[in-house]
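Just so you know, ligand 1 is whichever comes first in the structure, and atom 1 is the first atom listed for that ligand.
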Amino acid sequence: MIIALGADHGGYALKEAVKAHLLRRGIEFIDFGSHSGDRCDYPDMALPVATAVVEGRCERGLLFCGTGIGISIAANKMPGVRAAVCSDSYSAKYTRLHNDANILCLGGRVVGEGLALDLVDLFLDTEFEGGRHADRIAKITNIEQAL
Ligand code: RB5
């Protein structure tokens, strides 16, 4: 599994902590930046991560900004992206089981490092349940195609 990573300045430190965690776990990743903690605009990192996931170059994405919200809004503009902002374990697990979320968004000013790593593990290690949930994802795809 290859993971796409991206963050603005509000999420940069947490992205770096998650990178170290992925390295420890032996999980491959591509870091689309930012590559410093300097101020930048989160849509600029949402775009390459969303593109890599939708094109299949990366299986899942992890995005970080101050709240996780702005970067999730930006990523969700791309058809095929299902980006979920999570700050609790139940949501991180169920957004995989039920929503087949392909990008997890975390707020560097919201969640601490320990919780963030747990959320990342749940997100990466949980498979989509399919079944009735697949029918609902298909309806989301229909909405995208109606635009
Ligand atoms: C940057 O200050 C902050 O607005 C951004 O990281 C994010 O929280 C937006 O949703």
For this session: Below 4.0 angstrom from a heavy atom of C65, which ligand 1 atoms are there? Numbered from 1 as shown, please.
Result: 6 (O), 7 (C), 8 (O), 9 (C), 10 (O)

For this session: Return yes or no for this condition: an N or O of G66 is under 3.5 Å from an N or O of ligand 1.
Result: yes

Exercise. If you measure every N/O of Y42 against every N/O of ligand 1, is any gap under 3.5 Å?
Worked result: no

For this session: With heavy atoms of H9 as the reference, note each atom of ligand 1 found under 4.0 Å away.
Result: 1 (C), 2 (O)

Problem set entry | Sidechain N-carboxylate O distance under 4.0 Å for E129, R136 | no

Seminar exercise, completed: If we number the atoms of ligand 1 from 1 as shown, the ones under 4.0 Å from a heavy atom of R109 are 1 (C), 2 (O), 3 (C)

Problem set entry | Protein contact to atom 10 (O) of ligand 1 [nearest heavy atom, distance to 0.1 Å] | G70 N, 2.9 Å

For this session: Name the orientation class of the two ring planes belonging to H98 and Y94 (parallel below 30°, tilted from 30 to 60°, perpendicular beyond 60°).
Result: perpendicular

Exercise. So is I71 polar-close to ligand 1, meaning N/O to N/O under 3.5 Å?
Worked result: no

For this session: Using protein heavy atoms only, decide if any is under 4.0 Å from atom 4 (O) of ligand 1.
Result: no

Problem set entry | Any donor-acceptor N/O pair, D41 side chain to D44 backbone, under 3.5 Å | no

Exercise. Quick one: do R96 and D100 make a salt bridge, cutoff under 4.0 Å?
Worked result: yes

Exercise. Hey, does the side chain of R60 reach the backbone of L124 with a donor-acceptor pair shorter than 3.5 angstrom?
Worked result: yes

For this session: Tell me which part of T67 gets within contact of ligand 1: side chain, backbone, both or neither, using heavy atoms under 4.0 Å.
Result: both

Exercise. Is the closest basic N to carboxylate O distance between D125 and R25 below 4.0 Å?
Worked result: yes

For this session: For K19, enumerate each residue passing the salt bridge (charged side-chain N to carboxylate O under 4.0 Å, His left out) test, keeping only those at least two apart in sequence or located in another chain.
Result: E16, D31

